[in-house]
Novice: 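There's a structure below that I have some questions on.
In listed order, ligands and their atoms are each counted from 1.
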Amino acid sequence: MGFPEGFLWGAATAGHQVEGGNVNADLWPLEWMPDSIFVDRSGDACDHYHRYPEDIATLADLGLNAYRFSLEWSRIEPEPGYFSRAALDHYRRMIATCLDHGVTPVVTYNHFTTPRWFAGKGGWGDPGAPDSFGRYAEAATKHLGDLLSWVGTLNEPNLMAMMQHTGAVPMGTGDRGLHVDTPEAAPGGIGGYDSSRYRIGHVAADVERMAAVHRRAAEAIKSGPGNAKVGWSLALVDLQPAEGGEERCERARQKGLIDWLEVARDDDYIGVQTYSRNRIGPDGAVPPGEGVPTMQTGWEVYPEALSHTVDLAVEHARVPILVTENGMATSDDEARIAYTRAALTGLSDSIGRGADVRGYLHWTLLDNFEWMSGYAKTFGLVAVDLASFERTIKPSARWLGEVARANAVP
Ligand code: BGC
């Protein structure tokens, strides 16, 4: 089962989940609140901020030829309008390190976390959000654009819409943006945030709003320097109807997935991120049945989801596809290999049906800070000792490296 020539094979990470010391990010204070909804604190994470040379070298040695990572906006613009030259230089060195190793960088400009000042203004719910994000995208591109060939603006902007329509959160959650509490309105909380009102998930459910943010950033990136392909990456859970849930499922697919895929028609590519399926009944998602294998996250082990959602992207986005995330949270590395093999088999079938897929970036390179669920959920190809930062390469990493070298699944 071969893949197209020049196919990108890689792994993905996100700044806040691996870098460590991300003190200016909106989530940092939330992690430290006494009644935090986070089970762990990101803390030093994997110290990838300092150890990226080793991690990128490992990725390249494995045989992978692409690395997706994110710029941490809160480091680059810690105060509104102040751009840290040192932080921008850091990311330039990261990109250069990739290129030195023959690794194509796939750079996400925002992977969930935002600067605290942006959160304080109302986050994506603030009418000024497109301008704020656009200004940052312009500054980042001026500094880095000449080295970039693939850029993603936003990671999973449709997450809140999808969660609303599958019933994971009540309708209306985040419609005004989730960062509605200004420090003035919420005195007493850590970092100025009131823990009783501050919630996670800072993308707005409104596709128009998030599309406006995306467009502004895409324009800034397209103004150069450089000539990167620009797109956004969507959370594409494979939504399937359970008994009696046909109508609800159709609506969830439309409002949570398809409306967002259609935005990508004007882009250079669409980023597909898929882990599992949700079966939708009349009241929302139905948990996997008794005895159905699940990941550490509780999601069904369902690798077929990848080809299904790639097919959906072909139908509605109609632009080239980059699989920017796919993987499995498990302590059983053989199960990770089996899952990935099955997902790639499906991907190859989609390509056989005509899908223009340019690459596959496995989630994730390193066991890392899995947001609210903390460090116990291990999606990584490489294990990390959180005390010593020592890395241990798992068999799945070597397996994926062999796939990459062969450009085929054995
Ligand atoms: C996110 C990652 C996350 C992964 C697994 C995706 O929704 O982009 O940041 O770690 O899923 O939950």
Side-chain angles (χ1 to χ4, degrees), residues 10-20 22 25-27 30-31 37-40 42 45-46 48 67-74 106-114 124 152-164 166 168-169 174 200-203 205 210 231-239 256-257 260 270-278 285 294-303 305-306 309 322-331 336 339-340 343 360-382 384 396:
T13 61
H16 191 69
Q17 295 180 272
V18 293
E19 285 180 348
N22 238 326
D26 55 346
L27 295 188
L30 196 61
E31 295 161 18
I37 49 171
F38 285 74
V39 306
D40 290 324
S42 56
C46 308
H48 185 63
Y67 180 38
R68 173 177 182 249
F69 62 94
S70 73
L71 309 179
E72 181 56 37
W73 180 9
S74 66
V106 177
V107 176
T108 312
Y109 274 32
N110 174 261
H111 195 122
F112 293 153
T113 41
T114 65
W124 303 110
T153 55
L154 297 166
N155 182 71
E156 302 190 340
N158 66 318
L159 191 60
M160 186 57 65
M162 193 182 58
M163 291 198 312
Q164 286 187 8
T166 58
V169 296
I200 191 171
H202 38 85
V203 289
M210 295 311 290
W232 68 1
S233 282
L234 299 180
L236 297 178
V237 177
D238 183 10
L239 301 180
L257 313 179
W260 302 77
I270 175 75
V272 168
Q273 311 201 154
T274 304
Y275 293 86
S276 183
R277 71 170 164 181
N278 266 185
T294 54
M295 306 182 188
Q296 289 168 330
T297 48
W299 307 338
E300 182 179 347
V301 178
Y302 187 73
L306 182 60
T309 53
L322 203 53
V323 177
T324 42
E325 287 183 26
N326 173 251
M328 176 177 182
T330 178
S331 56
R336 186 183 336 277
Y339 171 92
T340 310
Y360 173 87
L361 297 144
H362 191 82
W363 186 266
T364 179
L365 180 62
L366 305 169
D367 283 343
N368 65 35
F369 181 66
E370 176 55 23
W371 307 111
M372 286 181 293
S373 334
Y375 288 101
K377 308 275 186 284
T378 48
F379 282 92
L381 298 168
V382 175
V384 178
S396 55

Novice: State the atoms of ligand 1, each with its element, that fall below the 4.0 Å cut-off from a heavy-atom position in His111.
Specialist: 1 (C), 2 (C), 8 (O), 9 (O)
Novice: We want to know whether Gln296 and Thr330 form a side-chain donor-acceptor pair, criterion being a heavy-atom distance below 3.5 angstrom.
Specialist: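 Side-chain D/A pair, Gln296 to Thr330: absent.
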Novice: Tell me: protein heavy atom nearest atom 6 (C) of ligand 1, and distance?
Specialist: Glu325 OE1, 3.0 Å
Novice: Can you name the closest pair of heavy atoms from His362 and Asn326 and give their distance?
Specialist: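 So the minimum-distance heavy-atom pair works out to ND1-O, 3.2 Å.
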Novice: So which heavy atom in the protein is nearest atom 7 (O) of ligand 1, and how far is it from that ligand atom?
Specialist: Glu156 OE1, 2.6 Å
Novice: Going by the order shown, which atoms of ligand 1 are within less than 4.0 Å of some heavy atom of Asn155?
Specialist: 8 (O)
Novice: Of the non-hydrogen atoms in Asn22 and Glu72, which two are nearest, and what is the gap between them?
Specialist: OD1-CG, 3.1 Å
Novice: Return the minimal non-hydrogen interatomic distance between Val384 and Asp367, and the atom names on each side.
Specialist: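 Smallest heavy-atom distance, with atoms named: CG2-O, 3.8 Å.
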Novice: If only side-chain N and O atoms count, and only distance matters, is there a donor-acceptor pair under 3.5 Å linking Gln273 with Thr324?
Specialist: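 Note: Thr324 and Gln273 side chains meet the donor-acceptor criterion.
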Novice: Assess, by modelled atom type and distance only, whether the side chains of Asp238 and Thr309 contain a donor and an acceptor separated by less than 3.5 Å.
Specialist: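 No donor-acceptor contact under 3.5 Å links the two side chains.
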Novice: I'd like to know if Trp299 contacts ligand 1, where contact means a heavy-atom distance under 4.0 Å to any ligand atom.
Specialist: yes
Novice: Please could you name the atoms of ligand 1 that Gln273 approaches to less than 4.0 Å, counting only its heavy atoms?
Specialist: 8 (O)
Novice: Should Lys377 be listed as contacting ligand 1, given a heavy-atom distance under 4.0 Å as the test?
Specialist: no
Novice: Among protein heavy atoms, which lies nearest atom 12 (O) of ligand 1, and at what distance?
Specialist: Glu370 OE2, 2.5 Å
Novice: Students often mix this up, so state it plainly: with edges at 30° and 60°, are the rings of Tyr275 and Phe379 parallel, tilted or perpendicular?
Specialist: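 Rings of Tyr275 and Phe379: perpendicular, over 60°.
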Novice: Identify the closest protein heavy atom to atom 4 (C) of ligand 1: which residue and atom is it, and at what distance?
Specialist: Tyr275 OH, 3.4 Å
